[in-house]
Number of protein chains: 2
Amino acid sequence: MTNTTDDSDLVLLLRRHRVQVTAQRLAIMRAVSSRPHATADELADDVRAVIGSISRQAVYDTLGLLVDKHLVRRIQPPGSAARFEDRVDDNHHHLICRTCGSTVDIDCAVGAVPCLTAHDDHGFEIDEAEVVYWGRCPACRAATPEPASQRPASERPASERHMSERLAHAKEQQ
Amino acid sequence: MTNTTDDSDLVLLLRRHRVQVTAQRLAIMRAVSSRPHATADELADDVRAVIGSISRQAVYDTLGLLVDKHLVRRIQPPGSAARFEDRVDDNHHHLICRTCGSTVDIDCAVGAVPCLTAHDDHGFEIDEAEVVYWGRCPACRAATPEPASQRPASERPASERHMSERLAHAKEQQ
DNA sequence: CCCGTAATCTGGACATTGTCCAGTATTGGA
DNA sequence: TCCAATACTGGACAATGTCCAGATTACGGG
Ligand SMILES: [Mn+2]
Ligand SMILES: [Mn+2]
Ligand SMILES: [Zn+2]
Ligand SMILES: [Zn+2]
């Protein structure tokens with residue numbers, strides 16, 4: 001997608017944001033664009049394949065800078081290192097396969113700024129809602145038809161939600 | 001809350017789930033109940049204050065086991081170590097202060113099984129939606145009235161979402 | 001075009017959060 | 001009470017970041 005992007009375009013973009021232009025930064029931007037949802041480590045590898053070498057710190061510094069400038073979005077899926085992507089400011093979410101870890105973009109079910117209206121905001125000033133959908137991708141579903149499914153995800157009476165309440169219940173039944 | 005719970009109740013609960021009863025497990029269950037959203041490390045400290053000592057491995061093993069048994073829920077807030085809580089199977093979400101990290105429970109804006117219906121499921125079999133709301137808690141808001149707010153969170157034309165597209169735009173304007 | 005300074009990059013040490021493993025201790029049933 | 005399965009311990013190791021001091025590079029001004 002950005003494979004066809006000229007370096008001069010990236011230079012322009014950086015200058016517009018008052019960011020010094022370096023070979024490392026250009027390479028990292030290209031890497032982020034060409035491999036969405038990659039980790040810092042993966043991006044470092046990609047960059048090394050192009051410009052020979054880069055320090056770990058330069059990778060982290062640059063990604064952090066680009067995130068600050070809203071040129072890159074950092075997502076931190078539970079149980080994984082941070083991942084980075086090109087697609088910013090559109091509030092999209094992510095769908096991750098429990099089995100193989102593959103990650104795809106997903107638009108929000110609710111609207112442009114999804115879920116930003118929580119029932120009770122507890123006095124917080126909410127500015128972002130991050131949503132991660134968990135499931136099994138088509139490939140993994142095909143591989144194992146029915147994984148002896150746990151996780152009924154069904155509701156339980158509110159009175160049994162906490163450990164303490166559930167054990168009281170257990171005692172009665174005993 | 002569970003401070004008043006008798007050990008024998010916890011024993012009962014574990015037995016019902018075919019889990020061996022040990023002093024470490026009981027202490028960890030108590031710790032999780034009494035300090036919601038604590039990290040493994042914090043729980044280990046709490047447990048040590050009660051039973052003297054426990055290995056890090058026992059803490060992780062037990063928490064993992066309790067999570068498997070649906071007696072404890074593990075949440076992994078972006079940028080933080082995993083946290084654990086008592087309140088399971090009710091699909092509630094979390095609201096985290098960007099400034100001080102305080103975490104509160106929040107019920108879903110949408111319904112009992114929130115957001116589980118994504119626009120396009122990409123063929124995935126979705127079983128859970130995890131939502132993290134980000135913001136500033138009342139205390140932090142009071143401390144700093146307006147933090148030179150960035151993050152407009154406003155929509156941008158779809159044509160400007162990706163780096164590549166935005167730089168093209170930049171070029172025109174040049 | 002050259003210079004000086006600020007910004008950036010480098011490489012190595014260090015921190016945090018977890019997992020692996022082999023040996024020892026405890027649990028719970030026979 | 002005894003045994004086998006299970007759990008716990010302590011130390012090594014791994015992954016993901018951050019800190020820091022010194023070397024290098026970028027870029028605006030002369
Ligand atoms: Mn994405
Ligand atoms: Mn909670
Ligand atoms: Zn998969
Ligand atoms: Zn706060």
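In what follows, every chain begins at residue 1, and chains take the letters A, B, ... in the order their sequences are listed. The basis for the numbers below is simple: all heavy atoms, side chains too, and nothing from hydrogens, waters or symmetry mates.
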Does any N or O donor sit under 3.5 Å from an N or O acceptor when you compare the side chain of B:Q57 with the base of C:dC20? yes

Could you walk me through whether A:H37 and A:E42 pass the side chain to side chain donor-acceptor pair (under 3.5 Å) test, one step at a time? CA-CA 10 Å; A:H37 310 135; A:E42 291 164 343; over 6 Å; no

Can you tell me the distance, in whole Å, between the OH atom of A:Y60 and the C1' atom of D:dC20? 17 Å

By nearest nucleotide on DNA chain D, pick out whichever of B:V59 and A:Q76 is the more 5' one. B:V59

Quick note, B:A58 side chain, CB onward, closest among D:dC8, C:dT17, C:dC9 is D:dC8

Would you say the side-chain atoms of B:D105 and B:H93 include a donor-acceptor pair closer than 3.5 Å? no

Quick check: on DNA chain C, is the nucleotide nearest B:D41 upstream (toward 5') of the one nearest A:V19, or the reverse? Name the residue that is more 5'. A:V19

Under 4.0 Å: is that the gap between some side-chain N or O of B:T39 and OP1 or OP2 of C:dT17? no

Quickly work out the A:R83 CZ to D:dT16 P distance and round it to whole Å. 9 Å

Can you find a side chain N or O atom of B:Q24 that sits less than 4.0 Å from OP1 or OP2 on D:dC8? yes

If you only use heavy atoms from C-beta on, which nucleotide in C:dT8, C:dT10, C:dT27 is closest to the side chain of A:I54? C:dT10

Among C:dC9, D:dT9, C:dG28, which is the nearest nucleotide to the side chain of B:V21? C:dG28

Is there a donor-acceptor pair under 3.5 Å between the side chain of B:R48 and the backbone N or O of B:I54? yes

From CZ of B:R25 across to P of C:dT26 the rounded distance in Å is 15 Å

Report yes or no: does A:R56 contribute a side-chain atom to a donor-acceptor pair with the main-chain N or O of A:D41 at less than 3.5 Å? no

Please determine which of B:D86, B:D46, B:D7 meets the salt bridge (Lys or Arg N to Asp or Glu O under 4.0 Å) test together with B:R30. B:D7

What nucleic acid atoms does A:R15 come within less than 4.0 Å of, heavy atoms only: base, sugar-phosphate, or nothing? sugar-phosphate

Which is true for B:A23 with a 4.0 Å heavy-atom rule: it touches a base, it touches only sugar-phosphate, or it touches nothing? nothing

With distance as the sole criterion, do the side chain of B:R56 and the base of C:dG18 form a donor-acceptor contact below 3.5 Å? yes

Give the nucleotide from the list C:dT10, C:dT27, D:dC8 with an atom nearest to the side chain of B:T62. D:dC8

Roughly how many Å is it from CZ in B:R16 to C1' in C:dG28, rounded to a whole number? 20 Å

Between D:dA26 atom P and A:D7 atom CG, what is the distance in whole Å? 13 Å

Whole-Å gap separating P (D:dT6) and CG (B:L14): 16 Å

Measure from CG on B:L65 to P on C:dT27 and round the result to the nearest Å. 16 Å

What is the distance from CG of B:L63 to P of D:dA7, rounded to the nearest Å? 14 Å

